[in-house]
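Heads up: the structure comes next, in structure tokens.
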There are 2 protein chains.
Amino acid sequence: MASRKGTQHATNIMEALTEAARPLSAYDLLDRLRPTGVAAPLTVYRALDKLMASGRVHRIESLNAFVACRHGEHHHDHADTPPPRAVGFAICDGCGTVEEFSDADLFAHLNGCLAAKGFVPRSSAIEVHGRCAGCVRGGVAETQP
Amino acid sequence: MASRKGTQHATNIMEALTEAARPLSAYDLLDRLRPTGVAAPLTVYRALDKLMASGRVHRIESLNAFVACRHGEHHHDHADTPPPRAVGFAICDGCGTVEEFSDADLFAHLNGCLAAKGFVPRSSAIEVHGRCAGCVRGGVAETQP
DNA sequence: TCAGCTATGATACAATATAACCTTCGTCAA
DNA sequence: TTGACGAAGGTTATATTGTATCATAGCTGA
Ligand SMILES: [Zn+2]
Ligand SMILES: [Zn+2]
Ligand SMILES: [Zn+2]
Ligand SMILES: [Zn+2]
């Protein structure tokens, strides 16, 4: 069956991302999916596109990498109603972990700033690099970009 | 003098970015600097690194491209005091223009969200894609990624 | 059945970014 | 003066990330 493979790829990608618990690049994912028969980058990118459209995966622009959504609130099973992605990421440059957060006030404020210019937002990326609480306490130096 | 070339490259890059009035990729810049003798990507990236360190250029992560700062407030001539880069970008997917904005309340709020987790921020990227006022009025379709 | 549509796969390629190495030039002390 | 030293810049090659293109397979509806 044609569409069965696609959903299987998506499932495998979700598993890899969830297990990694940190951002993985498309090529990291390709390497992990190779044993399941995936050979081409495009296969990974196509599956990621669908997962992002349904809100189960987020792209971290500043890392060119992808994380599984930890949130669950903005998931949609119907692809015709894309999620707003009103969400931000705190990226630790010490240990590489990414924490997803969502703050209604923050996004209301952001939308206010944009509305004042007449700008109509469609998707936003809020990515803060720094050090997580654990790395600050432990004095871990920056090992990630 | 050794450093004269470097500053000349930086000056040329600033001119190209300012004139373009929209984001340019490193390779766009390389093409424009070729007549001045620049032949390698690394030259462009090194000059961009310095310009970003002094706050005169910002990188748009979601486009892998660079814009001249339109702001001026966070410039530093002394490279030992890097700017905070508390700044966001409204990126029009219709006409490709990027508008830089900075809102103290917004960043205070963001810092509050992060402080609640014990996260210590270092640099932030706020990039909103959508349509600028002009494109909304004109009904311009999305031609940019 | 059969033309049209979509999903997938395979190959090649484009675009973005960095590594490794070397030359040059300024600096400064012997 | 001069030679060691280090920072800056150039050259080449390569790594990483992302697409274009075309062929095929399988569904769908007339
Ligand atoms: Zn999420
Ligand atoms: Zn950490
Ligand atoms: Zn600026
Ligand atoms: Zn516009």
Side-chain angles (χ1 to χ4, degrees), chain A residues 1-13 16-17 20 22-54 57-67 79-80 93 96 125 127 129 142-145, chain B residues 1-13 16-17 22-54 57-67 79-80 96 125 127 129 142-145:
Chain A
M1 193 171 294
S3 62
R4 191 56 53 84
K5 272 186 183 171
T7 58
Q8 188 57 52
H9 294 332
T11 304
N12 291 336
I13 284 179
L17 286 176
R22 68 171 52 209
L24 294 180
S25 76
Y27 281 77
D28 290 339
L29 287 164
L30 176 57
D31 286 341
R32 295 180 195 222
L33 294 209
R34 244 182 254 281
T36 74
V38 175
L42 191 51
T43 306
V44 176
Y45 282 106
R46 287 203 269 232
L48 284 170
D49 282 346
K50 289 182 186 168
L51 290 167
M52 285 190 290
S54 69
V57 164
H58 300 297
R59 177 184 172 90
I60 310 293
E61 299 288 354
S62 57
L63 297 175
N64 293 332
F66 303 85
V67 291
D80 55 344
D93 295 327
E127 303 178 7
H129 283 254
E142 291 175 26
T143 57
Q144 319 285 329
Chain B
M1 190 171 290
S3 61
R4 190 55 54 86
K5 272 188 185 173
T7 58
Q8 188 56 52
H9 293 331
T11 304
N12 291 336
I13 284 180
L17 287 176
R22 68 170 54 208
L24 294 180
S25 75
Y27 283 75
D28 289 340
L29 287 165
L30 176 57
D31 286 341
R32 295 180 193 222
L33 295 209
R34 242 181 256 281
T36 73
V38 174
L42 191 49
T43 306
V44 176
Y45 282 106
R46 286 205 269 233
L48 284 171
D49 281 346
K50 289 182 185 166
L51 289 168
M52 285 190 289
S54 69
V57 165
H58 300 296
R59 177 184 173 89
I60 309 293
E61 298 287 354
S62 57
L63 297 175
N64 293 330
F66 304 84
V67 290
D80 54 346
E127 302 179 7
H129 284 255
E142 292 174 25
T143 58
Q144 319 285 330

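Bear in mind that the values here come from a model prediction, so they are computed numbers and not experimental data. Here is how names work: the chains are called A, B, and so on, in the same order as the sequence lines, proteins then strands, and each is numbered from 1.
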Atom pairs, protein N/O to nucleotides 17-19 of chain D N/O, distance under 3.5 Å:
residue, atom, partner, partner atom, Å
dT17(D), OP2, Ser25(A), OG, 3.4
dG18(D), OP1, Arg59(A), NH1, 3.1
dG18(D), OP1, Arg59(A), NH2, 2.2
dG18(D), OP2, Tyr45(A), OH, 2.9
dG18(D), O5', Tyr45(A), OH, 3.4
dG18(D), N7, Tyr27(A), OH, 2.6
dG18(D), O6, Tyr27(A), OH, 3.2

Which atom of Glu61(A) lies closest to which atom of Ala125(A), heavy atoms considered: CG-CB, 4.3 Å
Value in whole Å for how far the P atom of dT18(C) lies from CG of Leu48(B): 11 Å
Distance in angstrom units between His9(A) NE2 and dA10(C) C1', rounded: 13 Å
Salt bridge flag under 4.0 Å for residues Arg46(A) and Asp49(A): no
Leu48(B) side, atom CG; Leu24(B) side, atom CG - distance, nearest 0.5 Å: 10.0 Å
Lys50(A) vs dT6(C): side-chain N/O to OP1/OP2 distance below 4.0 Å: no
Distance, rounded to the nearest Å, where Leu30(A) contributes CG and dT16(D) contributes P: 13 Å
Contact check, side chains of Leu63(B) and His129(B), non-hydrogen atoms, under 4.5 Å: yes
His58(A) side, atom NE2; Glu127(A) side, atom CD - distance, nearest 0.5 Å: 11.0 Å
Separation of dA15(D) C1' from Asp31(A) CG (nearest whole Å): 13 Å
Asp49(B) CG to dA17(C) C1', straight-line distance once rounded to whole Å: 11 Å
Sequence neighbours excluded - side chain to side chain donor-acceptor pair (under 3.5 Å) pairs with any residue from residues 35-45 of chain A: none
Separation of dG9(C) C1' from Arg34(A) CZ (nearest whole Å): 14 Å
Rounded interatomic separation in angstrom, taking CG from Leu29(B) and P from dA15(C): 15 Å
Whole-Å distance separating the CZ atom of Arg46(B) from the P atom of dC21(C): 15 Å
